Engineer: 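Below: one structure in structure tokens.
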Amino acid sequence: MDLEYSDKHKTLQKEVRRFIAEHGQQSPKTGGGRKRPDHQVLEWQRLLLAKGYVGRSIPPQYGGFGAEPDVLDSAIIAEEFNQTGLSPGLMNQGISMLVPTLLEVGTEEQRQRWIEPTIRGDIIWCQGYSEPNAGSDLAAAQTRAEMVDGEFIVNGQKIWTSSAHFADMMFLLARTEPDQPKHAGLSYLLLPVTTPGLEVRPLRTMTGRAEFNEVFFSDVRVPGDQIVMQRGDGWKVANVTLKYERTMIGDPGKAMNRLLRIRELMEETRVDGRRLIEWPEYRDRLLRLQGEVLAAKYHGLRLLSDQARGDDSGIGRQIVKLAGTQLGHRLSALAVDVLGAAGLNYEPRGEDVEDDNATTWHIDYMYDVGLLIGGGTSQIQKNIISERGLGMPREPKAANPATATGRGS
Ligand SMILES: Cc1cc2nc3c(=O)[nH]c(=O)nc-3n(C[C@H](O)[C@H](O)[C@H](O)COP(=O)(O)OP(=O)(O)OC[C@H]3O[C@@H](n4cnc5c(N)ncnc54)[C@H](O)[C@@H]3O)c2cc1C
């Protein structure tokens with residue numbers, strides 16, 4: 001692994017630094033995504049799109065910047081935004097999961113129609129996968145979509161659907177071929193959340209906020225052409241989306257951003273007249289975590305090098321979600337611990353309590369528990385790593401039908 005940037009990459013780095021110096025004050029706070037993007041977020045997103053700091057390699061005909069794909073460019077941009085604590089642009093299920101899925105397996109018409117408004121933040125998507133009896137074993141989804149006169153008629157229920165209470169559109173995994181084996185009987189449909197018969201009921205998490213939802217379908221009509229790939233291909237498409245979901249959730253850049261915020265907190269906060277960073281037990285924990293964050297960062301760069309060479313990183317890729325979410329949770333645990341009683345203060349720091357994007361370390365800590373589960377639980381990730389990465393014996397199917405061929409695959 002060569003850690004020196006080429007001249008071309010050094011030039012990009014300088015350009016990004018100049019942009020940040022000139023425009024950084026326009027950045028919204030990081031950590032958004034729990035409500036519809038407001039005016040400031042949308043303006044920032046458009047500025048980043050115009051500069052190619054988001055949607056960099058998305059072709060211009062789909063609203064992107066159209067640069068040649070270069071993984072190091074993306075790494076440099078992410079690093080500069082993370083180091084300065086600026087928002088790297090919108091990161092949501094539409095942009096980070098559906099857009100790359102459409103680029104990989106969507107039709108030309110679907111790309112033309114959905115990608116540009118999604119990356120501009122005009123259309124917000126939610127992911128209709130999990131059901132009360134189909135989480136880790138996602139292929140067991142029972143929500144039915146029956147073809148009648150050229151339309152799918154959807155009936156059933158989804159659960160844990162993040163953002164459905166403010167989303168415009170949903171990508172939905174539904175059973176269209178009930179006679180086929182479970183993995184072959186699913187299809188991947190796109191539909192507006194406002195379609196008659198679709199009801200969204202918010203669920204509160206332990207953060208006190210409604211972050212995900214139950215979604216009920218009663219004779220919801222979806223045009224027959226609102227399908228990605230073909231009938232019965234839903235499992236293939238869903239797994240393309242899941243691949244991008246795991247990368248989004250385990251992103252080492254987020255851990256670095258969080259580490260820097262904690263260091264700042266420990267440098268600025270005094271307890272009994274001493275800065276928190278000077279307390280040996282906390283400093284020790286911070287340094288250990290810093291080592292792990294740096295390991296995650298260099299691991300991410302190694303994966304990028306593999307990607308640039310067209311190599312599959314195998315087990316290296318599989319550990320990102322598990323390691324990234326565990327690290328994120330331990331980082332916010334350190335912040336809550338160092339703040340002691342103050343860490344339990346529920347009021348967002350000097351911010352509007354009603355603002356769903358306002359956050360405290362305490363809220364981050366609780367929210368991060370969800371990230372150990374969402375996108376495939378830590379246990380499922382461990383199954384995948386041990387079975388596919390380390391070649392250990394597969395879980396006996398008879399003992400547990402919810403095998404690692406589920407949500408994590
Ligand atoms: C914050 C958050 C956001 C989410 N957002 C969405 C969303 O937007 N859209 C969506 O569709 N879903 C979403 N989910 C749902 C998420 O994908 C599921 O919760 C997850 O896949 C686990 O499914 P489950 O909750 O049904 O748990 P189950 O599958 O019932 O698992 C229960 C427990 O059993 C363990 N387990 C299950 N099978 C095995 C096995 N084979 N080996 C070992 N252990 C096993 C699990 O690890 C877990 O600890 C979200 C979840 C969270 C927490």
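Note that the coordinates shown come from a computational prediction; the quantities given were computed from them, not determined experimentally. As the structure lists them, so they are numbered: ligands from 1, and atoms in each ligand from 1.
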Engineer: Backbone, side chain, both or neither: what part of Asp137 comes under 4.0 angstrom of ligand 1, heavy atoms only?
Structural biologist: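 Neither; no heavy atom under 4.0 Å.
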
Engineer: Do NZ/NE/NH1/NH2 and the carboxylate oxygens of Glu104 and Lys243 come within less than 4.0 Å?
Structural biologist: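 Lys243 and Glu104: salt-bridged.
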
Engineer: With heavy-atom distances below 4.0 Å as the criterion, list the atoms of ligand 1 near Tyr129.
Structural biologist: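 Heavy-atom distances to Tyr129 below 4.0 Å select 11 (O).
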
Engineer: Return the option from Gly370, Ser136, Ala141, Gly374 holding the heavy atom at the smallest distance from atom 27 (O) of ligand 1.
Structural biologist: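 Among Gly370, Ser136, Ala141, Gly374, the closest heavy atom to atom 27 (O) of ligand 1 belongs to Ser136.
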
Engineer: As an exercise, identify every atom of ligand 1 less than 4.0 angstrom from a heavy atom of Ile380.
Structural biologist: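 Numbered from 1, ligand 1 contributes 38 (N), 39 (C), 40 (C), 41 (N).
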
Engineer: Please determine whether any non-hydrogen atom of Gly375 lies less than 4.0 Å from an atom of ligand 1.
Structural biologist: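 A heavy atom of Gly375 does come that close to ligand 1.
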
Engineer: Regarding Arg285 and Asp337, does a basic nitrogen lie under 4.0 Å from an acidic carboxylate oxygen?
Structural biologist: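 The answer is yes: the pair qualifies as a salt bridge.
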
Engineer: Which ligand 1 atoms are under 4.0 Å away from a heavy-atom of Thr377?
Structural biologist: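 Counting atoms of ligand 1 from 1, those under 4.0 Å from Thr377 are 22 (C), 46 (C), 47 (O).
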
Engineer: For the residue pair Glu108 and Tyr62, confirm or rule out a side-chain donor-acceptor distance under 3.5 Å.
Structural biologist: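 Checked: Glu108/Tyr62 side chains pair up, N/O donor to acceptor below 3.5 Å.
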
Engineer: For Phe212, counting its heavy atoms only, list the atoms of ligand 1 lying under 4.0 Å from any of them.
Structural biologist: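 Selected atoms, number and element: 1 (C), 2 (C), 3 (C), 52 (C).
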
Engineer: Please determine which of Ile123, Ile124, Leu102 meets the side-chain contact (heavy atoms from CB on, under 4.5 Å) test together with Thr118.
Structural biologist: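 Testing Thr118 for a side-chain contact (heavy atoms from CB on, under 4.5 Å) against Ile123, Ile124, Leu102 leaves exactly one candidate, Ile123.
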
Engineer: Is a salt bridge present between Asp122 and Arg46, judged by a nitrogen-to-oxygen distance below 4.0 Å?
Structural biologist: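 Looking at Asp122 and Arg46, the cut-off is met.
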
Engineer: Taking only residues at least two apart or on different chains, which pairs with a member in residues 62-72 satisfy salt bridge (charged side-chain N to carboxylate O under 4.0 Å, His left out)?
Structural biologist: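 Qualifying pairs, neighbours excluded: Lys8-Asp70.
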
Engineer: His299: which residues meet the ring pair (Phe, Tyr, Trp, His ring centres under 6.0 Å) condition with it, sequence neighbours left out?
Structural biologist: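 His299: no ring pair (Phe, Tyr, Trp, His ring centres under 6.0 Å) contacts found.
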
Engineer: Check Glu395 against ligand 1 and report side chain, backbone, both or neither, counting heavy atoms closer than 4.0 Å.
Structural biologist: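 The answer is the side chain of Glu395.
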
Engineer: Would Gln93 count as a contact residue for ligand 1, given that I'm defining contact as a non-hydrogen atom of the residue lying under 4.0 Å from a ligand atom?
Structural biologist: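 It does, in that a heavy atom of Gln93 comes within the 4.0 Å cut-off of ligand 1.
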
Engineer: If we only count N/O pairs under 3.5 Å, is Thr161 in contact with ligand 1?
Structural biologist: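 No, there is no polar N/O contact under 3.5 Å.
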
